[in-house]
4 protein chains.
Amino acid sequence: MVRADARRNRAKLLEVAEQVFKERGTDVPTEEIARAAGVGVGTLFRHFPTKEALLEAVFLNRMERLAERAERLIADEEPGSAFFTFFLMLVEQSAMKNVLAAALAEAGINAKDVTAGIRGGFRGHIATLLERAQQAGAVRGDIGVDDVIALLLGLAAAGEQTELDAAVARRTVDIVLAGLKVAPQKDLTTGLASPS
Amino acid sequence: MVRADARRNRAKLLEVAEQVFKERGTDVPTEEIARAAGVGVGTLFRHFPTKEALLEAVFLNRMERLAERAERLIADEEPGSAFFTFFLMLVEQSAMKNVLAAALAEAGINAKDVTAGIRGGFRGHIATLLERAQQAGAVRGDIGVDDVIALLLGLAAAGEQTELDAAVARRTVDIVLAGLKVAPQKDLTTGLASPS
Amino acid sequence: MVRADARRNRAKLLEVAEQVFKERGTDVPTEEIARAAGVGVGTLFRHFPTKEALLEAVFLNRMERLAERAERLIADEEPGSAFFTFFLMLVEQSAMKNVLAAALAEAGINAKDVTAGIRGGFRGHIATLLERAQQAGAVRGDIGVDDVIALLLGLAAAGEQTELDAAVARRTVDIVLAGLKVAPQKDLTTGLASPS
Amino acid sequence: MVRADARRNRAKLLEVAEQVFKERGTDVPTEEIARAAGVGVGTLFRHFPTKEALLEAVFLNRMERLAERAERLIADEEPGSAFFTFFLMLVEQSAMKNVLAAALAEAGINAKDVTAGIRGGFRGHIATLLERAQQAGAVRGDIGVDDVIALLLGLAAAGEQTELDAAVARRTVDIVLAGLKVAPQKDLTTGLASPS
DNA sequence: AATGAATGAGGTTTCATTCAT
DNA sequence: AATGAATGAAACCTCATTCAT
């Protein structure tokens, strides 16, 4: 029956770690997180054998929560609206908090790999939302999931740097959404713009 | 006039540091950079009394080089084209290499503050390019310099995460550029989109 | 209750540090002390987060042991004798090992401040001993605790410089004690001598 | 003719070093002293091949100046007064600034050795002053030069620790001088007091 | 003879991880 | 299963000394 304690500890650690990483960056000493969670370092390391493992777990945890929302959106809303809502949601929550992704990257771990195993497939959900929106004519047809993910990451990063100014954050999202709606452009300046 | 050696060392350090930070992240030991530049740690610390100072210097150095290009564009090209070219250029060179900006941010140094003092004013150049493009009708009128900078940071970050796929990088820029051209949107999904 | 180990380590460190500082000065690398105590550097720094803190702790530790003796003297001996005995005791043990006090002073920590908080009040004990001795007519009445402390420090320093010659050390103490007995002098040479 | 510059530099360095050591302790970086003297480090090291050598030189320089004064006193004043004046003078100027002696000691250099070569013999002067004073009955007869030197060192150290309180410094000197006048004491407390 | 940039050993401190209790 | 003290590699930085100019 000690299992109950253990599971509660794990959850608390995950929650606290997310909070602390967000507030103070991923460089906080492991001990700080343990203390904030009200456990000893030893306990933390029992649950996550490595700091890296903790990073991964927090990242995955976040992703899973997002995946759940995506599922609900797919089920409940109509195509165009669903896609845009999800996009906004991700960015507004500064969903991926780039710090994490960056920290993982630095550790030589690809965020894509980590995400791969998520229930239902995070990536898959985005794909579904995107395709439907494209079929409904709400999003230009020449882009793919990877483009969307890249944009999400980018906007999240932008939001982080300008976290002081909410108006800026909103305007950047607005611009990207606008860009997603219109048809493919022809020769902007150098002609680079058209998809290959 | 030993200054020749000194200046060469400083330049070499800056160059090497930029390279190493790009390849291995900003967590590399200071000593590594010194070794790579062929000098002792002491020399590095004589030039940059703190690791943070080195980071700042690399960042500034990059910015200055960009500022020079901006000046040339302002002089030579016509408004709309100049703006888009500069934008593309920045992103394609993954100009701001987010690692740096992130590291600076973590260290409590605001990129905005650092950039403020740059020769000729990097920010000022962007402002000029933007205003001209807006007057020429090539860019929507409701955005400001900070929005552009945020978008640049975002795209740079996006580019970093997906550095394998050049096509993705290009497409994301295309989308943002498209978004910059059109007039402000009204009620995308939730109506959040319009600037307050 | 791992505390047993911890306390043992702390005690061992204090003991070893006192010994090492005495033998080789306060410039010994922290690591040396750790090694001599049979622990890792980390352990040392867990107990004393700063070298300065270690110095302080050693100093305080010594003071506390002295304070205990002072208490016993106050309780057991008659006034004049008690004062002189304590004085001799302090000096003979080269009680304050000036190295420490000097190191602390250099570090900007005033010995007075540190001593202030000691259990039972080291300074208070001296005051008591002094006052009683003065009331008993064994010590001239125009001096205060600070004077006594200054003299102690001075004699300790003198003892250190001449540690080879026990006879010299003894004679200097004798002289000071003699000087403490007699009444205030009038015009030695320049008349500087009398307290203002 | 470059010799003039060289000698001036050496003098300036000695003067500045004494000042800086007094104000900030002997741990100041060599470079600081060079800067304060308006020369490069290289120059400093040409004159004093080692920091230790600089320390020694400053010490010696001070001693020589003192020796000169002693000579004048021996010539001009009457025995008792001469001795006490010299004693006071040394202490009031905090003449030996213990830091120096301590630093030398730490470096494994005996202050006595360094002083040995002084013109006229510093120690010899004290001996002369003392003997005369004793013959004139102004100082008790059972003490020797080493005792006096020890007391001087001690008082200088005491003065250093309590440099804030001039009254304390003066009183301690007064006590010691009083002690030097009176005849040998018999059994203070334990009988330790009498010279062996 | 003077300069000050370069050197690099070495000092203090941090922190992920292990392990005795 | 939990605790938190212990560990020690490694980070950053300082400074006496050398050496090219």
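Below, chains carry the letters A, B, ... as their sequence lines are ordered, and counting in each starts from 1.
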Between atom [atom1] in [X] and atom [atom2] in [N], what is the gap in whole Å?
| X | N | atom1 | atom2 | result |
| --- | --- | --- | --- | --- |
| Arg46(B) | dA20(F) | CZ | P | 16 Å |
| Phe48(A) | dA2(F) | CZ | P | 12 Å |
| Ile33(B) | dC12(F) | CD1 | P | 9 Å |
| Leu54(C) | dT13(E) | CG | C1' | 14 Å |
| Arg7(B) | dT21(F) | CZ | C1' | 15 Å |
| Arg24(D) | dT14(F) | CZ | C1' | 14 Å |
| Arg35(C) | dG10(E) | CZ | P | 12 Å |

_Arg65(B)/Glu68(B) ion pair, N-O < 4.0 Å_ =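 Salt bridge: no.
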_Taking the nucleotide of DNA chain F with the nearest heavy atom to each, does His47(C) or Pro49(B) sit closer to the 5' end?_
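Counting from the 5' end, the first nearest nucleotide belongs to His47(C).
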*Between Arg10(C) and Val41(B), just flag the one whose closest nucleotide in DNA chain F comes earlier from the 5' side.*
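So the residue in question is Arg10(C).
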*Heavy-atom closest pair, residues Thr26(D) and Lys51(D)*: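 Smallest interatomic distance, heavy atoms only, reads O-NZ, 3.0 Å.
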*asked:* I need the minimum non-hydrogen distance between Leu13(D) and Ala34(D), along with the two atoms involved.
replied: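 Closest heavy-atom pair between Leu13(D) and Ala34(D): CD2-CA, 4.5 Å.
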Options [options], nucleotide nearest the side-chain atoms of [X]:
| X | options | answer |
| --- | --- | --- |
| Lys51(D) | dA16(E), dT17(F), dA5(E) | dT17(F) |
| Phe45(C) | dC13(F), dT3(E), dT13(E) | dT13(E) |
| Val39(C) | dT21(E), dT7(F), dA6(E) | dT7(F) |

*Could you tell me whether the side chain of Gln19(D) reaches within less than 4.5 Å of the side chain of Glu23(D), counting heavy atoms only?*
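Yes, close enough: below the 4.5 Å cut-off.
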*Is any side-chain heavy atom of Ile33(C) less than 4.5 Å from a side-chain heavy atom of Phe48(C)?*
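Heavy-atom side-chain distance check fails, nothing below 4.5 Å.
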*For Gly40(B) and for Thr50(C), locate the closest nucleotide of DNA chain E by heavy-atom distance; then report the residue assigned to the nucleotide nearer the 5' terminus.*
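Result: Gly40(B).
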*Specify the residue among Glu31(A) and Thr43(D) whose closest nucleotide of DNA chain E lies further upstream toward the 5′ end.*
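Result: Thr43(D).
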*What does Thr30(C) touch in the nucleic acid at a heavy-atom separation under 4.0 angstrom: a base, only the sugar-phosphate, or nothing?*
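Sugar-phosphate contact only.
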*So what's dT13(E) paired with, Watson-Crick or G-U wobble, going by both distances under 3.5 Å?*
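Because both required distances fall under 3.5 Å, dT13(E) counts as paired with dA10(F).
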*Both distances under 3.5 Å, Watson-Crick or G-U wobble: report the partner of dT18(E), or none.*
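Partner of dT18(E): dA5(F).
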*asked:* So, OP1 or OP2 of dA6(E): does either fall under 4.0 Å of a side-chain N or O from Asn9(B)?
replied: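 Yes, within the criterion.
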